[in-house]
Each structure stands twice: as structure tokens, then as C-alpha cells.
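Read the structure below first, then the notes.
Please read these numbers as outputs of a predicted model, since none were measured by experiment. Hydrogens, waters and symmetry mates play no part in the numbers below; they use all other heavy atoms, side chains included. Sequence lines set the chain letters: A, B, ... in the order given, protein chains first and strands last, and positions in each chain run from 1.
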Number of protein chains: 2
Amino acid sequence: MARSTIVELARAAGVSPTTVSHAFSGRRYVDPETKARIVALADKMGYRANPRARRLRTGGAGIIALASSMPFAIAAGPARLGFLMEIAAAAAVTALSRHLALCLVPPLEPDSNLDALEVDGAIIVEPTSDDRLLEFFSARGVPVVSIGRAPGRDDIPSVDIQSTATARLMLEHLGANNRRVGLITGEQRRNSYIETEAVYAAFAAENGYTPVALRVNESGGEGEAAAIAETLLRGNPDIDALCVPVDAFATGVLTAARSLNRSVPLGLRLATRYDGMRAKLSVPQMTAVNLHLDQVAEAAIDLLIAVMEGKDPERRPIAPPLLVVRESSAT
Amino acid sequence: MARSTIVELARAAGVSPTTVSHAFSGRRYVDPETKARIVALADKMGYRANPRARRLRTGGAGIIALASSMPFAIAAGPARLGFLMEIAAAAAVTALSRHLALCLVPPLEPDSNLDALEVDGAIIVEPTSDDRLLEFFSARGVPVVSIGRAPGRDDIPSVDIQSTATARLMLEHLGANNRRVGLITGEQRRNSYIETEAVYAAFAAENGYTPVALRVNESGGEGEAAAIAETLLRGNPDIDALCVPVDAFATGVLTAARSLNRSVPLGLRLATRYDGMRAKLSVPQMTAVNLHLDQVAEAAIDLLIAVMEGKDPERRPIAPPLLVVRESSAT
DNA sequence: CCGGCTATGCAAATCGTTTTGCATAGTAAG
DNA sequence: CTTACTATGCAAAACGATTTGCATAGCCGG
């Protein structure tokens, strides 16, 4: 059935399309009685403004993109999927309540053609330095915000995922009882790694030992992490706690511990960052951090909306990260 | 920077906007030489057709929705998130390659307002009978397809997730060596449950025993499943294998087995359907089925496109489900 | 009675495409 | 020399809203 247009509604209400438009938008005063008549009639006729026509005029798409340069689907396995998708799910809910649709953007393949993709703004999750999707959107003049600061791009507004606080939280917990803590992060340059490494360096200094930190190539995934962890543990027998922010890597560390016959948590304490299924289901269950990703997602969307509207982004506080202590680091 | 319009490009090329339009769309013949000139110039000027204007004219939104009535985010915990999100990730990639954006639609809250959401089509993942989102979209005349048939809605085209074959696969594997198999599904009426239950009934009959099947209320999640499993196992001591398609429920069953002191797989063999993180990370690791969700997602999108275009949907074959045998059912 | 204000509403331009219907020139067939 | 047809391209009308710039009427104060 063809939907009725503003012209038909106007005719039915005995006014001009202009008046109908104003009645709904409130951009100009319309006699309350007239307005009521229009609204009632619109309801009866099932009139809904054609979003496409509106967009041509107003220049908005009503869509925002959520993107991560981390290989999206199979590429790096579902390793990172959980984190991203938890954000995606929360963001979709929030976006909708702000009358925006959330569109998932896969990582940019060299040949992919995003020309038809018309969005009002984009959220990039944990961008790396020189993030390709970030470049892509900002080159097009699309407003962009990030979840986790974009390294080297202080001009990009971002929602803090509190990596510094999170790192401290993990480190102090792991280091209790004079445990000596090592660190395993990833090779890509993401802000969360950078901050964590910095906090770790300071932490080791405070406690008077040499930092022991290694990086895993992300595409190697769990297996690579296991190998690196083995190296680290063999080479540094005094390390008896490991901070491993990436949950997939932490699972790898568990494997390494097993093959080295180091019991967790007795011989090795372990904590990871993202409290997803991996942390909850691994054996032993892993201590992790509640990052309040739902709040983060919501804040990111509202930040993006503010940027799109050219408003001053009002920084909304996110609940501080919360350590969820589990078996892997129980005293 | 204001992007150049078709009028400017036309002027620069010394032709009319019409000709430019035809040059790109190919809907009418344009002299090859003229066309080449236009294309070259467009490239130089960085002309890209304004998608919004195009859509107003052609009536497409360039967006498809992916929806599931399963509580999306927190509601039922991340239980189902994995399955849905694996599809979402694959679908996003495929959609983009077909020049469509994939938009995530959260479940319909009573108060949610989807008016602004304008999509060309929708994919519903495993709809229940009387699925609200399915109703919503089809009431609006939006083309809809489903992943997994919509119970009672044979008019909705769907991509088969091969529940019958999957069920047989699991049951025959579990029932080897004269094991007696029980079944745990969910309360909602999804096609996959329905088919699985039917296959199971037949299977039990073939093997000459009374079927033992219970349903778990989905919102109870893992804990509820554990309770139900305990009841089932206590009440039917001869059951020494369980087919539990929902992975979150299967995790619950593992808990139940532990508290009943039934070792898995020796005292109880177990298999689940979705081969996600749960299956891979649980202890013992669970036998599951590779459903080829990437292929399913791709097929769903192409099916939807066919429906949107009013074409005859060409049924594309999906690779048969593949049993991934793991510890939970090892002989 | 006049200038100036408010309240109310309409006409027409605009957004940037796509598409339809015609126009012209050239050419081949009868 | 018509007629008929092809090749090529343009003008103008959509698409359905939003927005700007008037227009009218009524009213007030001086």
C-alpha cells in the first residue's frame, strides 16, 4: 500500500504542507487547534514522514557505523568477537533509543567499496595507530569518535575505557603477597596496550624489580600467546603472576601453565581484562575486569551525537572498572 | 567540502545531467567516447552520487536489518549472543559486498519506536512462533526472510539451518554403543527445537525406548538448565547420553553432571549444537556441530535480496552440518 | 487613522538524483 | 523523395519532505 504523503495529509486537514511540516517539527508556531487536528488525522491516515525524502533535505542518514579494524569475522577467529559484539549489542540498543540505526562495518579490505555506505558518524572500537577505518571515515568528513583513545590522534574524541585504572587494578591485585608480575600484551599499537604497559613499567619500578613484558602478534592468537608465555615463564622463573589483558591470550597462558606444570593460581596467578565468556568458562575461571561496556557503548553514542551536532561533548562519567576475582588469582 | 553534484559534473563534461546519469547506470545508450569522458572527469572531480538523493528517487534504503527476538544484550546474558553475533559478523561482510549495510535491530521493547528505521528488508534469526519482530516487519510490508523456518509461517522464505540433519547427527553419535539418549531443548517454539524434538522421538522409537525429553525456560539460562538436567538424570537413571542443542544449557548440564558425580563422557555423553566459544572452552570440551554459519548468513542475504527484487529465490545449497567430536562424547 | 506588532499560514524554492518523453541528425530502405 | 529507423542527448517532471520569504488579518498604542 502506498503510504500517504504530506500533501495528502495537508489536503485532508485543509492546510498547506508547510503547516503540516511545522506542526510536527515545531520549527514555527502552529495554532494548537490546527496542530491537534493534523496530528489526529495523521494518526488516522497512518501518515509517517518518508525518511528518505526527509534525509535528502536535511542531509542526515539516520545511521551510525560501528567499526573495528580487528578482523571481524573469521580472520582472527572469534577471539576478539566477544568484546566487539558485546559493545555492538549494547550500542544497537542505545542507538535505537536515540533514533539512529547502528550499522556494522567489517574491516576494510583493500578492494572493499564503501561508497554506498552513507552514515552520519562512526564509532571505532579500540583503534590502532594509523587505523584504516578511522582514516577512511575522517577523510570523508564523517564525524568519528573512538572507544579507547586513538593513538597519535588526540583530535578524535573518545570514550575512555579506563585502561590505566584497569591496569592498576589488575596489577595491584596480582602483585599482592609479594608476587612478581609479568605482562603480556599485543603487538598492535592500541591505546589500551600502551597505557597498560606504561602503568606496568611504573608498577614494576615501584616494587623494585625489572619489568618483564612481552608482546604477542595478534594474528597468532591463542597458540602464539601460549608460546610466548612459555618463553617468558622459562626465562623468568621469579615471575609468579601474569597480567594478560587480552582474554584470548590469557587462555593461551593457561595452556602454557599446564604444559609447564605450573598450577594456577598457586604457582601462577593470572588476570585478564575483558570479562567475557572466555574468562567465565575457562578452567580455572579467570579473574577479569568489569569494564561496564554497556555504559561505554552508551557514552560513545552520545558523544558521537554531540560531535555530529557540533555541540560541546559533555563528558559522562563511566563507573570505575571493577575487579571480578575468580579462581585464577584467588589467594 | 561540499561534494560535487551531477549538475556540476555534467557542466564540466559539456553534457546534460541526464547523460551523466545514463553513463553510470547504463539504462540508456551513451556514446562510448562521451561516457569515457564523463567517467574520467568524475574520477578527477571526486564525484560520487549522493546516496540520499538516489534513494529518494529509487525508493531503496540500502540497508537491511538483522534481528532476533532473543533478548539481545544483557537480558538473557551473553548466552545466545555468540550464535547471533557470529551470524551478524558474517552477514555484515556479505551485505557490504552486495552494497547493503547491515543494521542490528534490538528486540522490540513495548515502548520502542522503530518508525525512523527504514530498511529494505529484514533477516530474522530463528524466529519463534508469533515472533514480534517478524510481525512488525511484515506488517510494514518490509520483505522478510528468516534463518531457520518461522513456525506457522510457511509464507516466509527461509534459509534452512538443517536442524533435522543436525539432530540426527548428534543423536546417532551420542547413541553409539547402545547409549540411551535424552533430550533437552527450550520452551520457546523455534523451528530448530521442533524439528529436533521430532527427530528425537523417531530416534527413540527406532531404538525401542521411551523418549525422555525436557524443556528449559530460556530466561532461566544455565542455572535453570542445570536444575532440569538434574531432575532428568535422577528420574531416568538409564539415560547415559544427552543431546542439548542450546550451548548455554549444555554448560548447565555439565554443572549438573558434576554435582551428580557423573563423569563426562564416561558416565554421560554430551553434545550440543552451536560450536561456539562455550563448546570449545568448557571442560570437558563439548562435541558440537559446525553449522557453517558463514554460509548460512551469506545465503540469507542473497535470499533476502532475491525476495526484495521479486525474483525467484534460487536455493543455494549449504554444506551439510559437520560433527566436531570432542571430549564430552569421546568413546 | 497610521505605524508597528503578533499570530497564523501559504507559495515556492530547494535537496540531487532518476526517468520519461521528446528532438535532432544521420542513414538506410522503399 | 518519402518513410522508418537508429543513435545520441536534452528538458523537465518526478521523488516527498523542509525551509524561507512573504501575506493577511487582527490588534494595540499614539
Side-chain angles (χ1 to χ4, degrees), chain A residues 1-39 41-42 45-63 99 115-120 140-141 309, chain B residues 1-39 41-42 45-63 99 115-120 140-141 309:
Chain A
M1 29 111 230
R3 260 163 48 175
S4 46
T5 74
I6 198 174
V7 177
E8 289 162 7
L9 175 55
R11 190 170 7 242
V15 297
S16 77
T18 311
T19 305
V20 173
S21 177
H22 289 327
F24 286 115
S25 70
R27 313 246 328 159
R28 286 235 185 139
Y29 185 90
V30 173
D31 185 82
E33 205 169 302
T34 314
K35 186 191 286 192
R37 197 177 65 237
I38 292 174
V39 170
L41 213 48
M45 299 172 56
Y47 167 78
R48 274 174 290 131
N50 179 328
R52 293 191 276 270
R54 167 178 301 164
R55 279 171 201 146
L56 171 58
R57 189 61 234 244
T58 60
I63 310 172
H99 297 271
D115 274 357
L117 184 61
E118 186 78 359
V119 296
D120 296 330
R140 290 202 163 199
E309 290 175 348
Chain B
M1 32 117 224
R3 260 163 46 176
S4 48
T5 74
I6 199 174
V7 177
E8 289 162 5
L9 174 56
R11 188 164 15 237
V15 297
S16 78
T18 311
T19 305
V20 173
S21 177
H22 290 327
F24 285 116
S25 70
R27 313 243 330 157
R28 285 234 186 139
Y29 186 90
V30 173
D31 185 82
E33 205 169 300
T34 314
K35 186 190 287 192
R37 196 176 66 237
I38 293 174
V39 170
L41 214 46
M45 299 172 57
Y47 167 78
R48 275 173 290 131
N50 179 329
R52 292 191 278 268
R54 167 177 301 164
R55 279 171 201 146
L56 171 57
R57 191 60 235 245
T58 60
I63 311 172
H99 297 269
D115 273 357
L117 183 62
E118 185 79 0
V119 297
D120 296 329
R140 290 202 163 199
E309 290 175 347

By side-chain contact (heavy atoms from CB on, under 4.5 Å), B:Ser25 pairs with (sequence neighbours left out) B:His22, B:Arg27
To the nearest angstrom, how far is A:Asp31 atom CG from C:dT6 atom P?
18 Å
Exam field: side chain A:Arg54 to backbone A:Ala49, donor-acceptor pair closer than 3.5 Å
no
Evaluate B:Arg55 against B:Glu118 for side-chain contact (heavy atoms from CB on, under 4.5 Å), listing each step before the verdict.
CA-CA 11 Å; B:Arg55 279 171 201 146; B:Glu118 185 79 0; over 6 Å; no
For each nucleotide in nucleotides 16-28 of chain C, reading 5' to 3', give B when a protein heavy atom comes within less than 4.0 Å of its base, S when such contact involves only the sugar-phosphate, and - otherwise.
BBBBBB-------
Quick one: list whatever passes side-chain contact (heavy atoms from CB on, under 4.5 Å) with B:Arg57, sequence neighbours left out.
none
A:Asp120 side chain to A:Gly62 main-chain N or O, any donor-acceptor pair under 3.5 Å?
yes
To the nearest Å, how far apart are A:Lys35 NZ and C:dG9 C1'?
14 Å
Carefully, step by step, assess B:Ile38 and B:Lys35 under the rule side-chain contact (heavy atoms from CB on, under 4.5 Å).
CA-CA 5 Å; B:Ile38 293 174; B:Lys35 186 190 287 192; 5.7 Å; no
Show me, pair by pair, the donor-acceptor contacts under 3.5 angstrom made by side chains of residues 11-18 of chain A, not counting sequence neighbours?
residue: A:Ser16; atom: OG; partner: A:Thr18; partner atom: N; Å: 3.3
residue: A:Ser16; atom: OG; partner: A:Thr19; partner atom: N; Å: 3.3
residue: A:Ser16; atom: OG; partner: A:Thr19; partner atom: OG1; Å: 3.3

Between the two end axes of the helix from C:dC1-D:dG30 to C:dG30-D:dC1, each built from 5 base pairs, what angle do you get to the nearest 10°?
60°
Can you tell me if B:Tyr29 touches the phosphate of D:dA7, counting only side-chain N or O atoms and a distance under 4.0 Å to OP1 or OP2?
no
From CD of B:Glu33 over to C1' of D:dG9, roughly how many Å is that when rounded to an integer?
15 Å
Take A:Leu41 and A:Leu9, measure what side-chain contact (heavy atoms from CB on, under 4.5 Å) needs, and give me the verdict at the end.
CA-CA 7 Å; A:Leu41 213 48; A:Leu9 175 55; 3.9 Å; yes
